[in-house]
Amino acid sequence: MCDQEKEALLYRSVREFPDFPAPGVLFRDITPVLKSPEAFTASIDLFEGYVRKNFPQVDAIAGLDSRGFLFGPLLAQRLGIGFVLIRKKGKLPGPTESVSYSLEYGKAEIEIQSDAVDPGQKIVIIDDLLATGGTMKAAIELLQCKNAEILSCLVLIELTSLKGAEKLQPHRVHSLLQYD
Ligand SMILES: O=P(O)(O)OC[C@H]1O[C@H](OP(=O)(O)OP(=O)(O)O)[C@H](O)[C@@H]1O
Ligand SMILES: Nc1ncnc2[nH]cnc12
C-alpha cells in the first residue's frame, strides 16, 4: 500500500459521534483504526516515515494520556527508542512536575516524572488528536521545564477549525488526517 492509500484507509476508519461527550462536540472516534490491523499498521507506518525522514536524531517519543499511549509505544519500538508517559494528574509515582490546561470539553492537569527525560534530549510528542491544542501545549511546557528539545508534535487527527496548531507555534504539528 502506498502512503496515499494508507491515508485513505485511515480516513475511512474514523467514525464521528455528534454531541459526545458534551452537546456541540463532534467526537472523532479512532477505535475502528485500532480494530483493523491494516489501518493501525498504516498509521504507525506513516508516523514512522515522517519521523525517519524529518527527525532522525530523535531520542524518545513522549505520549499523552490516554490515547497517545495507543500509538506512541508502537512508534517508539519501530524507531528503536524509548517511550515517555505524560499522564493525567495523580497517576505517576515519585517526584513529578505538572501543568494545568483547558481542552475542547473541559479542564485538566497533566504531569511527568521528574526523571523521565534528560536535559537536551530530543523529543517527539504524540497524541491521537489535536483540538484546541491545550493538551499539547501543556505537554510542551512540561517537557520544556525539563529542558528537553521538542522536535515535533504528531497527531493522527487535527481539527483545523479549532486552530490548535497556531497555539503551539513555533513548534510544528504534523497530522495524518485533517478535519474542519
Ligand atoms: O487539543 P485539546 O483541546 O487539548 O484536545 C485534545 C485532547 O483531548 C483528548 O483527550 P482527553 O483529555 O479527552 O483524554 P483521553 O485521551 O483520556 O480520552 C485527545 O485524546 C487529546 O489528548
Ligand atoms: N472532537 C473530538 N473528538 C475526539 N477527541 C477529542 N478530543 C478533543 N476534542 C475531540
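Predicted model only: the values in this text are computed from it and were never measured. Atoms within each ligand, like the ligands themselves, are counted from 1 in listed order.
- The side-chain contact (heavy atoms from CB on, under 4.5 Å) with Ile61 is formed by just one residue from the set Val84, Val124, Leu74; it is Val124.
- We find that Arg78 and Asp45 are joined by a salt bridge, their nearest charged nitrogen and carboxylate oxygen being less than 4.0 Å apart.
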Show your working on salt bridge (charged side-chain N to carboxylate O under 4.0 Å, His left out) between Glu97 and Lys146 and close with a plain yes or no.
CA-CA 9 Å; Glu97 271 109 66; Lys146 305 306 305 169; 3.0 Å; yes
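- Among all heavy-atom pairs drawn from Glu7 and Leu177, the shortest one is O-CD2, 3.9 Å.
- In this structure, Leu64 falls outside the shell of residues with a heavy atom less than 4.0 angstrom from ligand 1.
- The nearest heavy-atom contact from the protein to atom 10 (O) of ligand 1 is Arg67 NH2, 3.6 Å.
- Taking atom 6 (C) of ligand 2 as the reference point, the nearest protein heavy-atom neighbour is Leu129 CD2, 3.4 Å.
- In terms of protein heavy atoms, atom 3 (N) of ligand 2 is closest to Arg28 N, 2.9 Å.
- Among the candidates Leu142, Asn147, Ile123, the single residue satisfying the side-chain contact (heavy atoms from CB on, under 4.5 Å) test with Val117 is Ile123.
- Listed here is the closest heavy atom pair of Leu10 and Ala39: CD2-O, 3.4 Å.
- Residue, atom and distance of the protein heavy atom nearest to atom 7 (C) of ligand 1 are Thr135 OG1, 3.5 Å.
- Contacts between Leu103 and ligand 1 below 4.0 angstrom, taking non-hydrogen atoms only, involve backbone and side chain alike.
- Assignment of Ala108 to the shell around ligand 1 is not supported, since no heavy atom sits closer than 4.0 Å.
- Residue contacts with ligand 2 include Leu159, since one of its heavy atoms falls under 4.0 Å from the ligand.
- The distance from ligand 1 to the heavy atoms of Leu129 drops below 4.0 Å at these ligand atoms: 6 (C), 21 (C).
- In this structure, a donor-acceptor pair under 3.5 Å is absent between the side chains of Ser66 and Arg87.
- Among protein heavy atoms, atom 7 (N) of ligand 2 sits closest to Tyr105 OH, 3.3 Å.
- Under 4.0 angstrom from ligand 2, the non-hydrogen atoms of Arg67 all belong to its side chain.
- For ligand 2 and Ala131, the ligand atoms under 4.0 Å from any heavy atom of the residue are 8 (C), 9 (N).
- The single protein non-hydrogen atom nearest to atom 14 (O) of ligand 1 is Lys88 NZ, 2.9 Å, given as residue, atom name and distance.
- Counting only heavy atoms of the protein, atom 13 (O) of ligand 1 lies nearest to Tyr105 OH, 2.5 Å.
- Counting the atoms of ligand 1 from 1 in the order shown, those under 4.0 Å from a heavy atom of Thr132 are 1 (O), 2 (P), 3 (O), 4 (O).
- When heavy-atom distances to ligand 1 are checked against a 4.0 Å cut-off, Met136 has no atom that comes that close, whether in backbone or side chain.
- Hydrophobic clustering keeps Leu130 apart from Phe69 (ILVMFWY residues linked when any side-chain heavy atoms are closer than 4.5 Å, directly or through intermediates).
- In terms of N/O distances under 3.5 Å, ligand 1 is not approached by Ser102.
- For ligand 1 and Ala131, the ligand atoms under 4.0 Å from any heavy atom of the residue are 1 (O), 2 (P), 3 (O), 5 (O).
- Taking all atoms of both residues into account, the shortest heavy-atom contact from Ile30 to Leu156 is CG2-CD2, 3.6 Å.
- Polar contact with ligand 1: present for Asp127 (N/O pair, distance under 3.5 Å).
- Closest approach of Ser114 and Thr96 over heavy atoms only: OG-N, 3.4 Å.
- Atoms of ligand 2 found under 4.0 Å from any heavy atom of Leu26, numbered from 1 in the order shown, are 1 (N), 2 (C), 3 (N).
- When only non-hydrogen protein atoms are considered, atom 15 (P) of ligand 1 lies nearest to Ser66 OG, 3.5 Å.
- Glu104 OE1, 3.2 Å is the protein heavy atom nearest to atom 10 (C) of ligand 2.
- In this structure, the ring of Phe71 has its center no less than 6.0 angstrom from the ring center of Phe83.
- Atom CZ of Phe55 and atom OH of Tyr50 lie 4.5 Å apart (nearest 0.5 Å).
- Given atom 19 (C) of ligand 1, the protein heavy atom at minimum distance is Asp128 OD1, 3.4 Å.
- Listed here is the closest heavy atom pair of Phe27 and Pro21: CD1-CD, 4.1 Å.
- Under 4.0 Å from ligand 1, the heavy atoms of Asp65 that appear belong solely to its backbone.
- For Ser98 and Glu109, the side-chain atoms include at least one donor-acceptor pair closer than 3.5 Å.
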